[in-house]
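Accompanying notes for the structure given below.
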Number of protein chains: 2
Amino acid sequence: MTDDARSAAPAVGRSGLTMPHAPTLEEVARRAGVSRSTASRAINGGLKVSPAAQAAVDAAIAELNYTPNRAARSLVTRRTDSVALVVPEPDERVLTDPYFAGTLQGITAALDPTDIQLVLLIARRGEEAKRTTRYLLNRHVDGAVVVSHHRDDALDQVLHDSRLPTVFVGRPWAAAGDVAFVDVDNEHGGRIATEHLIKAGCTRIATIAGPLDMAAGLDRLAGWRSALHEAGLSDEAMARGDFTSAGGAAATERLLAAYPDIDGIFAASDLMAAGALSVLARHGRSVPGDIKVVGYDDLGVATSTAPPLTTLRNPVVEMSRAAGELLLAKITGGDQEVVPRIFHAELVVRESA
Amino acid sequence: MTDDARSAAPAVGRSGLTMPHAPTLEEVARRAGVSRSTASRAINGGLKVSPAAQAAVDAAIAELNYTPNRAARSLVTRRTDSVALVVPEPDERVLTDPYFAGTLQGITAALDPTDIQLVLLIARRGEEAKRTTRYLLNRHVDGAVVVSHHRDDALDQVLHDSRLPTVFVGRPWAAAGDVAFVDVDNEHGGRIATEHLIKAGCTRIATIAGPLDMAAGLDRLAGWRSALHEAGLSDEAMARGDFTSAGGAAATERLLAAYPDIDGIFAASDLMAAGALSVLARHGRSVPGDIKVVGYDDLGVATSTAPPLTTLRNPVVEMSRAAGELLLAKITGGDQEVVPRIFHAELVVRESA
DNA sequence: GCACCTGGTGGGATCGCTCTCACCCGGTGT
DNA sequence: ACACCGGGTGAGAGCGATCCCACCAGGTGC
């Protein structure tokens, strides 16, 4: 691979154009009639630059359509102007979850006013995960947002030790006091959902729990439990799901087999609730007539099920946006105090309960 | 901001540790007892490196936990080892579409064996879009995959002119002969869907079309048309949607008002079909009894509607994976011929038709 | 014997930027 | 008169990698 873009040979390719050779700061400076230093200053915040010089540089930039070379800049500043979104998710199905898209959208929004790039790191297990960790530890990004964190990925510990600015979306496992995170009050959400079922007259209430190696799974389960205890009802009917529709369906089958007389289900995600609805329909149980169902998330799925799901609105986008902003603050502001931001999930009543 | 990471002053911060100072190639070389050049060669493909030297370097790398500094490398190679996923999507709702997550998953899979980073570029309209374009044009990435391309974003033209390796997911508008892309045979899919309705006995078949400034929207509409023509049926009942559930619902309302006697609907996406189903239910039309509905995509939504949707399976993940691989080939292989890869959408019969 | 490869090696030069530093200027304080 | 300051400026030294080139073995061909 020789550097044919700048060789003396005639340009190849259909268009017949030579590669334009991106303008450098040197060229901008020359054109503006100032030194490289001044041009650089004008570009980065323009302190101690005369209005005349500033204007000249601005003009040159516009004429040449100049963008600073990120690599060169990073090399000396030791910043990369990029942050990672880390998704330690071995299970590829979960990527299709709209939750994930919501996260992306929130973080993108937070990053929008800056010109920081978002790079995506899907950390699989084993060797791959190690590569990701090393990548993060060697400061190839200025910070990281971690979403869908599982207990055994150990990212909380690793990232905390590395002192890389990090924000978790969803409460991390370890080092909870020291690691920044945003979350939604999952336990409260689980309780609200369950209380709604109780108020609607259900007395034998099951739950389809999320993965119990994730804080969200655990907390929603705990909320369900505490509401039942308070009402003096049994918290026996629990089946584990994996936040997917198929998992929810399977869990429902197990629940119906073990506890045929349940009259309410709290599913820890809408996808699982949707799976539950289809199984219930197949078994001839009417919703909300025979069994009432409450989901969690309200990210689009909830409105397209039949019946539409009563669910808890999970403010993913706002939450991840907050995560992004928190990360920016940590990056620029250094080591200030860590105040987790907790969002509220609110009940959206539709037809399933 | 002084370089306190290496100052002689005692380290600050809770942990009391000095920032580890990422190892450099120089250090690796010294430890391995070879020159920087040899170490570099050992790292990059190890041609003309003695087994002894190679082993020494490998060991040093492992001991120091070394990762090459990307910025320094990029500066000289003029590659960035990153590619962009460009989403020229002004409408934030669409980001929540599982289609998008599928794309991401496919590209990530393609990039996985390399250590190329994926950076996300959400190009809004106006100034923002310009910034994105400039970013791409100045070669801050080695290539780009464009998804959800609209007619007026002009990305096809701009990127083609720039000669930046680019692959579109979904047929681009202009320069179609010259721009690499992968796509699903949308017209064929639209035809299959409509033929299925015809075979099922429908004679007054409507469509909810996608955005007509996107190839997918147009092509699926064309497929619907051609099947109807072939069968000698009317192609009058058309309403435009925007690939979202709400848009589908609104379109359905309009259809029912204008053509109350329709007995079949082909919706150009499952989300729109889901919207249609809820409106139909509200109007007391039974599906598939009174009206049969066929969707498009089969990305999870289709199974959680009631009734589950008959739809066309859109192989988004495979398709985007192919896009990723095609891009890699273009980046490394240079200007070889452009062969669009067209995937097949196949009919998945469920209960709605 | 000399030329000429071929595998292996190390010494710079270099990429495009930032940042420290020295310097220059005119205005102020003593 | 001098020192001093503060805005504005340019020269030059890196940042950490790659890569060209020079060089040194030892083998081969004539």
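A note on names: the letters A, B, ... follow the listed sequences, proteins ahead of strands, and every chain is numbered from 1. Small disclaimer: the values here were computed from a predicted structure and weren't measured.
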query = How far does OG1 of B:Thr80 sit from CD1 of B:Ile116, to the nearest 0.5 angstrom?
reply = 8.0 Å
message = Do B:Ser37 and B:Ser40 pair up side chain to side chain, a donor and an acceptor below 3.5 Å, judged on atom types alone?
response = no
note = Rounded to whole Å, CG of A:Asp81 lies from C1' of C:dG16 at a distance of 15 Å
ask   = Contact class for A:Thr77 (heavy atom, under 4.0 Å): base, sugar-phosphate, or nothing?
value = sugar-phosphate
query = Does the C:dG12 base have a donor-acceptor partner in the side chain of B:Arg36 within less than 3.5 Å?
reply = yes
request  = Taking all non-hydrogen atoms of both residues into account, name the closest pair between B:Ala144 and B:Leu136 and its distance.
outcome  = CB-CD2, 4.2 Å
Partner of B:Phe168 by side-chain contact (heavy atoms from CB on, under 4.5 Å), out of B:Val146, B:Leu326, B:Val145 = B:Val146
query = Could you state the CD-P distance from A:Glu26 to D:dG10, rounded to the nearest angstrom?
reply = 12 Å
key: Crowding at CZ, B:Arg341 (>12 non-hydrogen neighbours, <6.0 Å)   = no
query = If each of B:Ile43 and A:Gly33 is mapped to the nucleotide of DNA chain D with the nearest heavy atom, which maps nearer the 5' terminus, i.e. the 5' end?
reply = A:Gly33
key: Rounded distance (Å) that lies between atom C1' of C:dT20 and atom CG of A:Asn44   = 15 Å
message = Just the rounded figure in Å: distance from C1' of D:dC15 to CZ of A:Arg79.
response = 13 Å
query = What integer distance in Å separates A:Leu75:CG from D:dA13:P?
reply = 17 Å
query = At how many degrees, to 10°, do the end axes of the helix from C:dG1-D:dC30 to C:dT30-D:dA1 meet when each uses five pairs?
reply = 50°
request  = Would you indicate, yes or no, if C:dG16 has its OP1 or OP2 atom less than 4.0 angstrom from a side-chain nitrogen or oxygen of B:Arg78?
outcome  = yes
request  = Determine the contact category for B:Thr24: base if any of its heavy atoms lies under 4.0 Å from a base atom, sugar-phosphate if only primed atoms, P, OP1 or OP2 are that close, otherwise nothing.
outcome  = sugar-phosphate
message = Between A:Gln117 and A:Arg70, is there a side-chain heavy-atom distance shorter than 4.5 Å?
response = yes
query = NE2/A:His160 to CG/A:Leu155 distance, rounded to the nearest 0.5 angstrom?
reply = 14.0 Å
request  = Starting from C1' on C:dC19, measure out to CG on A:Leu25 and report it in whole angstrom.
outcome  = 13 Å
remark   = A:Arg73 CZ to D:dG14 C1', in whole Å, measures 17 Å
message = Going by salt bridge (Lys or Arg N to Asp or Glu O under 4.0 Å), name the pairs with one or both residues in residues 100-123 of chain A, residues two or more places apart or in two chains.
response = A:Asp112-B:Arg124
Value rounded to 0.5 Å, distance of CG in B:Leu137 from CZ in B:Arg163 = 12.5 Å
task = Using the six-membered ring wherever Trp is involved, compare the ring planes of B:Tyr135 and B:His140 and label them parallel, tilted or perpendicular (cut-offs 30° and 60°).
result = tilted
query = Excluding sequence neighbours, so at least two apart, what forms side chain to side chain contact (heavy atoms under 4.5 Å, CB included) with B:Arg321?
reply = B:Ala109, B:Ala110, B:Glu325
Return the polar atom pairs (N/O with N/O) between nucleotides 5-9 of chain C and the protein under 3.5 Å, or none.
unit_1: C:dT9; atom_1: OP1; unit_2: B:Ser50; atom_2: OG; d: 2.8
unit_1: C:dT9; atom_1: OP2; unit_2: B:Ser50; atom_2: N; d: 2.9
unit_1: C:dT9; atom_1: OP2; unit_2: B:Ser50; atom_2: OG; d: 3.4

task = Rounded off to whole Å, could you give me the CD-to-P distance for the B:Glu27 and D:dC15 pair?
result = 11 Å
request  = Would you please name every residue forming a side-chain hydrogen bond (donor to acceptor under 3.5 Å, both in side chains) with A:Gln54, sequence neighbours left out?
outcome  = A:Asp58
inquiry  = Heavy atoms within less than 4.0 Å of DNA chain C: which residues of residues 56-72 of chain B have one? Give them sorted by number.
reply    = none
